[in-house]
Amino acid sequence: MNTLNFPTLIELPKIIDSRGNLSVVENNKEIPFDIRRVYWLYEVPTGELRGGHAHTDLQQVLIAIHGSLKIIVDDGKNRQTFTLNKPNQGLYIGNNIWREMSDFSDGAVCLVLASKPYDPAGYIRNYNDFVDKQKTTKI
Ligand code: T46
């Protein structure tokens with residue numbers, strides 16, 4: 001399975017129509033994995049932070065289907081902040097990436113497409129542990 005190294009933006013189809021626009025994704029087409037789980041973040045209070053963890057074996061694509069949010073992604077060496085604010089753009093996040101979400105706009109909805117079912121044991125929740133693990137992980 002193709003696993004990209006650092007998070008990257010994916011442009012999604014936007015089918016423009018006078019009746020309203022439509023975007024679509026399919027497994028292994030726009031989304032580089034089989035979608036096994038879908039969840040969404042919404043009604044996030046102003047100033048609230050989410051994330052603050054990494055996954056050893058989980059690929060995800062985040063789409064701000066309404067409003068906007070910021071997301072910091074970090075592989076233990078490099079750190080980048082993305083702003084998600086288009087319903088036809090997704091952020092692909094592969095394995096072993098720390099993520100922190102903030103600055104949710106009022107009414108923002110973030111859809112997340114995930115490659116695996118929910119597994120609480122698959123989270124690394126301490127940043128120093130994550131960085132230490134990255135130093136010993138072969139790429
Ligand atoms: C991630 C970012 C983008 C479930 O029961 N099933 C699920 O599939 C998920 C994702 C969460 N939960 C429960 C576990 C917690 O009791 O929902 C609660 C909130 O989860 P969490 O604090 O992990 O939510 P976020 O927004 O900090 O992180 C989530 C994902 O967990 C994480 O994988 O990458 O969104």
Side-chain angles (χ1 to χ4, degrees):
M1 178 165 297
N2 179 28
T3 304
L4 305 169
N5 289 329
F6 203 75
T8 188
L9 290 171
I10 301 173
E11 294 301 319
L12 305 175
K14 180 175 183 179
I15 300 166
I16 297 173
D17 191 314
S18 58
R19 298 169 301 162
N21 300 332
L22 183 152
S23 289
V24 58
V25 295
E26 293 184 16
N27 281 341
N28 297 303
K29 201 171 167 192
E30 294 83 9
I31 305 302
F33 52 79
D34 281 329
I35 299 166
R36 300 283 310 281
R37 177 167 53 111
V38 178
Y39 61 92
W40 47 101
L41 308 171
Y42 59 102
E43 296 174 0
V44 178
T46 303
E48 203 56 68
L49 305 175
R50 301 203 62 123
H53 50 244
H55 299 275
T56 48
D57 187 15
L58 182 69
Q59 301 176 75
Q60 301 195 114
V61 171
L62 280 68
I63 304 169
I65 54 173
H66 183 73
S68 65
L69 64 130
K70 286 187 179 167
I71 176 161
I72 293 171
V73 288
D74 181 329
D75 67 0
K77 282 187 182 166
N78 306 297
R79 178 168 273 240
Q80 189 172 346
T81 303
F82 289 92
T83 298
L84 300 182
N85 56 11
K86 294 181 190 163
N88 64 317
Q89 191 175 63
L91 180 66
Y92 170 85
I93 305 179
N95 299 335
N96 297 313
I97 298 290
W98 186 265
R99 80 285 318 264
E100 298 171 7
M101 288 108 74
S102 66
D103 296 86
F104 285 78
S105 66
D106 197 24
V109 181
C110 181
L111 182 74
V112 185
L113 311 173
S115 63
K116 295 212 159 182
Y118 178 59
D119 176 12
Y123 286 68
I124 305 169
R125 297 187 181 278
N126 180 285
Y127 183 73
N128 292 332
D129 291 348
F130 167 70
V131 173
D132 287 346
K133 186 176 172 303
Q134 286 297 87
K135 286 178 187 160
T136 58
T137 299
K138 284 186 189 167
I139 297 179

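All heavy atoms count here, side chains included; hydrogens, waters and symmetry mates do not. Counting starts at 1 for both ligands and their atoms, in listed order. Bear in mind the structure is a predicted one, so any value in this text is a computation, not a measurement.
- By the criterion of side-chain heavy atoms lying less than 4.5 angstrom apart, applied directly or through intervening Ile, Leu, Val, Met, Phe, Trp or Tyr residues, Phe33 is grouped together with Leu111 in one hydrophobic cluster.
- Looking only at protein heavy atoms, the nearest one to atom 11 (C) of ligand 1 is Tyr118 CE1, 3.8 Å.
- Put simply, CD1 on Ile97 and CZ on Arg99 are 7.5 Å apart, with the number rounded to the nearest 0.5 Å.
- Rounding to the nearest 0.5 Å gives a distance of 13.0 Å between NZ of Lys133 and CG of Asn126.
- For atom 6 (N) of ligand 1, the protein comes within 4.0 Å by at least one heavy atom.
- Residue nearest to atom 3 (C) of ligand 1, selected from His53, Glu100, Arg99, Met101: Met101 (by heavy-atom distance).
- At a heavy-atom cutoff of 4.0 Å, ligand 1 is contacted by the side chain of Leu41 but not by its backbone.
- A cation-pi arrangement is absent between Arg50 and Tyr39 under the rule of less than 6.0 angstrom and at most 45 degrees off the ring axis.
- Distance check on atom 34 (O) of ligand 1: some protein heavy atom falls below the 4.0 Å cut-off.
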Original post:
Does the pair Asp34 and Asn28 meet the rule for a side chain to side chain donor-acceptor pair (under 3.5 Å), with working shown?
Top reply: CA-CA 6 Å; Asp34 281 329; Asn28 297 303; 2.7 Å; yes
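- When Arg37, Arg50, Gln60 are ranked by how near their heavy atoms come to atom 20 (O) of ligand 1, first place goes to Arg50.
- For atom 18 (C) of ligand 1, the protein comes within 4.0 Å by no heavy atom at all.
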